[in-house]
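Naming: A, B, ... by sequence-line order, numbering from 1 per chain.
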Amino acid sequence: MRSDYCGDLGVDDVGRKVTLCGWVARRREHGASLAFVDLRDRSGFVQCVVDGAADLRSEYVVRVTGTVRLRPEGTENPALPTGAVEVGQCTVEVLSAAEPPPFPLSEHVDVDENQRLRYRYLDLRRERLQRNLRLRAAVNSAVRTAMERQGFLELETPLLIASTPEGARDFVVPSRLKPGSFYALPQSPQLFKQLSMVGGLDRYYQIARCLRDEDLRADRQFEFSQLDVEASFVDAVDIRRFVTEAVLAAAETVTGERPSFLPDLTWHEAMERFGSDKPDVRFGMELVELTPLFASTTFNAFRAPCVKAIREPQGAVQRSRKQLDDLVEQAKRWGAKGLVWMRVESDGTVASPVAKFLDESELRGIVEATGAEAGDLVLVVADERPLVRHVLGLLRLNLGRPPVNEGGLHFLWVVDFPLFEGIDPETGGPVPAHHPFTMPHPDDLAGLGGPGEPVPPADVLLGARSQAYDLVLNGWELGSGSVRIHRREVQSRIFELLGIGAEEAQRKFGFLLDAFRYGAPPHAGFAFGIDRLVALLAGEENIREVIAFPKTQSGQDPLTNAPGEIDERQLRELGLRVLPRT
RNA sequence: GGUCCCGUGGUGCAGUUUGGAGUGCACGCCGGCCUGUCAAGCCGGAGGCCGCGGGUUCAAAUCCCGUCGGGACCGCCA
């Protein structure tokens with residue numbers, strides 16, 4: 001039906017008779033005897049010259065047969081890859097007429113996203129999605145090749161699985177053959193990939209679809225794809241090397257060069273310097289420690305377990321009093337008791353609503369510690385340490401974060417995550433920071449004690465590190481992984497500390513624990529989000545731009561109108577009844 | 001669960017602060033002209049429940065309340 005793709009034609013094809021198929025992207029008619037038609041297919045555009053009248057409208061699907069020729073001198077279009085040539089003496093066959101599209105398909109117009117999703121099949125014709133989806137396919141291919149080169153075996157794992165209570169909210173699927181019972185869709189293939197290690201597959205990978213019923217964001221959809229990896233007889237360093245190789249291979253196919261990784265950051269250092277476990281290191285404005293400076297201050301608001309500040313260069317010049325007040329309100333919404341702003345004046349003095357409560361050495365100390373100069377804005381938060389980091393970390397991003405496509409690619413590993421992220425106020429037991437199969441850091445293992453021993457004090461528990469690690473790119477968490485526990489006494493102790501009794505452990509994870517009785521190799525793994533990686537490589541702020549058919553923030557699909565009701569018969573078959581809306 | 005922004009011919013916007021006739025811009029669409037254009041050009045034309053509902057007012061796109069839809073974020077996402 002077709003001899004060539006439009007965008008592939010060039011001066012080498014001059015003189016060839018070609019047959020092209022595609023959509024009428026633009027047409028420029030010059031009376032009844034000459035018309036230019038830009039024909040579009042997946043590869044791009046080429047100009048077709050039609051002598052004589054032709055009733056060709058936007059987005060008509062046509063087949064064009066003609067001869068490739070050089071454009072007359074002076075009429076070349078350098079903006080078009082095929083702009084040196086054109087297809088002349090065209091005969092045009094209309095394969096399919098088209099109504100005018102509901103929005104322009106040219107790149108020059110930003111279209112409301114709801115419209116784009118309602119007519120996604122038209123949006124897909126546009127250059128942006130064509131480019132992004134091609135890029136995505138290239139990334140998938142590069143990742144697969146990299147993993148296979150490193151000896152990994154692709155394995156498919158089930159979509160209909162048993163629900164496990166921890167973690168994100170499950171999507172569930174009712175069982176017809178066993179009414180009243182439900183499958184869950186996988187939040188990740190976690191348990192299966194560990195089972196595959198017990199099964200001796202040694203090195204497993206999969207580009208796996210994962211589903212989590214949690215609120216959507218710019219970087220989160222219900223369903224997403226991740227490169228899922230697990231390997232036996234390896235340590236954390238090995239795993240990070242495997243994954244590093246995969247993301248560098250992906251970046252290289254897109255940018256043509258392999259970006260360098262930044263040095264590893266410990267979780268603690270990331271939190272202290274950036275107020276985030278996924279630091280965006282493309283800009284400064286790091287958190288500055290002020291706690292010692294106010295150890296014996298008379299200013300009550302700064303008599304806190306932690307006082308930290310960030311400095312925005314020239315922030316005081318750019319921001320009005322109202323904007324500063326808005327920052328204070330925002331900080332409060334994020335949970336801070338307050339936010340103190342300070343302006344460094346041209347004479348070096350500090351202007352602030354609280355300046356009168358601070359003495360000379362304290363003010364000078366803030367300026368010195370932050371390195372503030374005239375025109376700079378300093379924002380101080382005093383509170384419990386986790387809250388201070390959190391609020392200043394968010395403020396830092398809000399004030400200083402560059403657009404996603406600026407500043408290059410800054411990959412880094414965050415290591416030494418805490419084993420527990422807090423103490424549950426109700427049970428008094430620790431809350432796991434990762435899943436309960438995460439191996440503690442070897443240096444902290446002894447401090448946790450063994451099965452049956454007393455529970456260590458809270459500071460020992462909260463100080464314990466795990467062998468968990470995150471991959472971060474430009475402030476986005478690409479993924480995380482860990483060394484898994486393969487020793488039964490360690491696993492028993494962790495369950496014990498988490499308040500999971502033997503019976504409960506057996507009920508929730510029995511099949512994995514059983515498997516571990518029969519010879520579990522030491523193993524470790526990782527998973528990173530393909531959607532996020534592709535978005536960042538494509539320079540997109542939003543993963544919907546790299547997904548062919550995404551959902552809106554409220555989880556709807558305006559194209560298919562999912563989710564929808566199902567009919568009574570289906571419900572009955574499944575043994576379900578829908579409760580009236582409250 | 002919460003905070004904030006947006007909703008005006010098919011598309012993208014201005015108008016909303018300070019209420020006064022659906023007033024405007026660009027693109028698209030329809031018709032005409034046009035033999036080297038390329039986001040073609042020129043002339044003419046059609047096209048509006050200002051998301052929806054209620055309220056205030058002599059009068060509402062504009063003010064108030066509610067609701068629906070979209071987006072950003074906090075919580076949530078082991």
Closest to the A/D38 side chain: B/C74, B/C77, B/C38?
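Minimum distance to the A/D38 side chain belongs to B/C38.
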Which nucleotide in the list B/C74, B/U37, B/G70 gets nearest to the side chain of A/E86?
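Closest nucleotide to the A/E86 side chain: B/U37.
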What does [X] touch in the nucleic acid at a heavy-atom separation under 4.0 angstrom: a base, only the sugar-phosphate, or nothing?
X      : result
A/L117 : nothing
A/N398 : nothing
A/N114 : sugar-phosphate
A/A35  : nothing
A/Q115 : sugar-phosphate
A/R116 : nothing
A/S33  : base
A/Q556 : sugar-phosphate
A/P104 : sugar-phosphate

Separation of [N] [atom2] from [X] [atom1] (nearest whole Å):
X      : N     : atom1 : atom2 : result
A/L216 : B/C73 : CG    : C1'   : 14 Å
A/N561 : B/G69 : CG    : C1'   : 12 Å
A/L559 : B/G70 : CG    : P     : 14 Å
A/H108 : B/C38 : NE2   : C1'   : 10 Å
A/F171 : B/C77 : CZ    : P     : 15 Å
A/L419 : B/A78 : CG    : P     : 16 Å
A/E76  : B/A40 : CD    : P     : 19 Å
A/R27  : B/U35 : CZ    : P     : 17 Å

Indicate yes or no: does [X] engage [Y] in a salt bridge with an N to O separation below 4.0 Å.
X      : Y      : result
A/D123 : A/R120 : yes
A/E107 : A/R128 : no
A/R532 : A/E540 : no

Across all strands shown, which nucleotide pairs with [N] by Watson-Crick or G-U wobble geometry, both distances under 3.5 Å?
N     : result
B/A78 : none
B/A60 : none
B/A21 : none
B/G31 : B/C43
B/C4  : B/G71
B/C50 : none

Ignoring backbone atoms, establish whether [X] has a side-chain N or O less than 4.0 Å from OP1 or OP2 of [N].
X      : N     : answer
A/T75  : B/U37 : no
A/R26  : B/A40 : yes
A/R544 : B/A72 : yes
A/R212 : B/A78 : yes
A/S58  : B/G28 : no
A/R28  : B/U37 : no
A/N542 : B/A72 : yes
A/R71  : B/C38 : no
A/Q190 : B/A78 : no
A/H390 : B/G75 : yes

Other residues, nucleotides, ligands: >12 heavy atoms within 6.0 Å of A/R131 CZ:
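Atom CZ in A/R131 is crowded, with more than 12 foreign heavy atoms closer than 6.0 Å.
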Quick one: is the NZ or CZ of A/R26 closer than 6.0 Å to the six-membered ring centre of A/F45, and within 45° of its axis?
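Geometry flag: set, cation within 6.0 Å and 45°.
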Give the intermediate values and the outcome of ring pair (Phe, Tyr, Trp, His ring centres under 6.0 Å) for residues A/F526 and A/W413.
CA-CA 12 Å; A/F526 194 82; A/W413 288 100; 5.2 Å; yes
Work out how far the [atom1] atom of [N] is from that of [M], and round it to whole angstrom.
N     : M     : atom1 : answer
B/G71 : B/G66 : P     : 22 Å
B/U57 : B/A14 : C1'   : 26 Å
B/G12 : B/G19 : P     : 29 Å
B/G44 : B/U56 : P     : 47 Å
B/G36 : B/C50 : P     : 45 Å
B/G55 : B/A78 : P     : 48 Å

Kindly confirm whether the side-chain ring of A/F36 is stacked on the base of B/U37, judged by centres under 5.5 Å and planes under 30°.
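Stacking is present between B/U37 and A/F36, given that their ring centres fall under 5.5 Å apart and the planes under 30°.
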On the side chain of [X], is there an atom forming a donor-acceptor pair with the base of [N] - under 3.5 Å, no angle test?
X      : N     : result
A/R69  : B/G36 : yes
A/R57  : B/G28 : no
A/E99  : B/G10 : no
A/D215 : B/G75 : yes
A/R220 : B/C76 : yes
A/Q47  : B/U37 : yes

Would you please indicate if the ring centroids of A/F437 and A/F509 are separated by under 6.0 Å?
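Yes: the rings meet the under 6.0 Å criterion.
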Pick the closest RNA chain B nucleotide for A/R333 and for A/E113 by heavy atoms, then say which residue is nearer the 5' end.
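The 5'-side residue here is A/R333.
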Side chains of A/D55 and A/Y60, donor plus acceptor under 3.5 Å:
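No, no side-chain donor-acceptor contact under 3.5 Å.
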Examine the side chains of A/Q206 and A/T157 and answer whether a donor and an acceptor come within less than 3.5 Å of each other.
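Yes, a side-chain donor-acceptor pair sits under 3.5 Å.
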Could you tell me which residues satisfy ring-ring contact (aromatic ring centres under 6.0 Å, His included) with A/F36, sequence neighbours excluded, listed by chain and number?
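By the ring-ring contact (aromatic ring centres under 6.0 Å, His included) rule, A/F36 matches A/H30.
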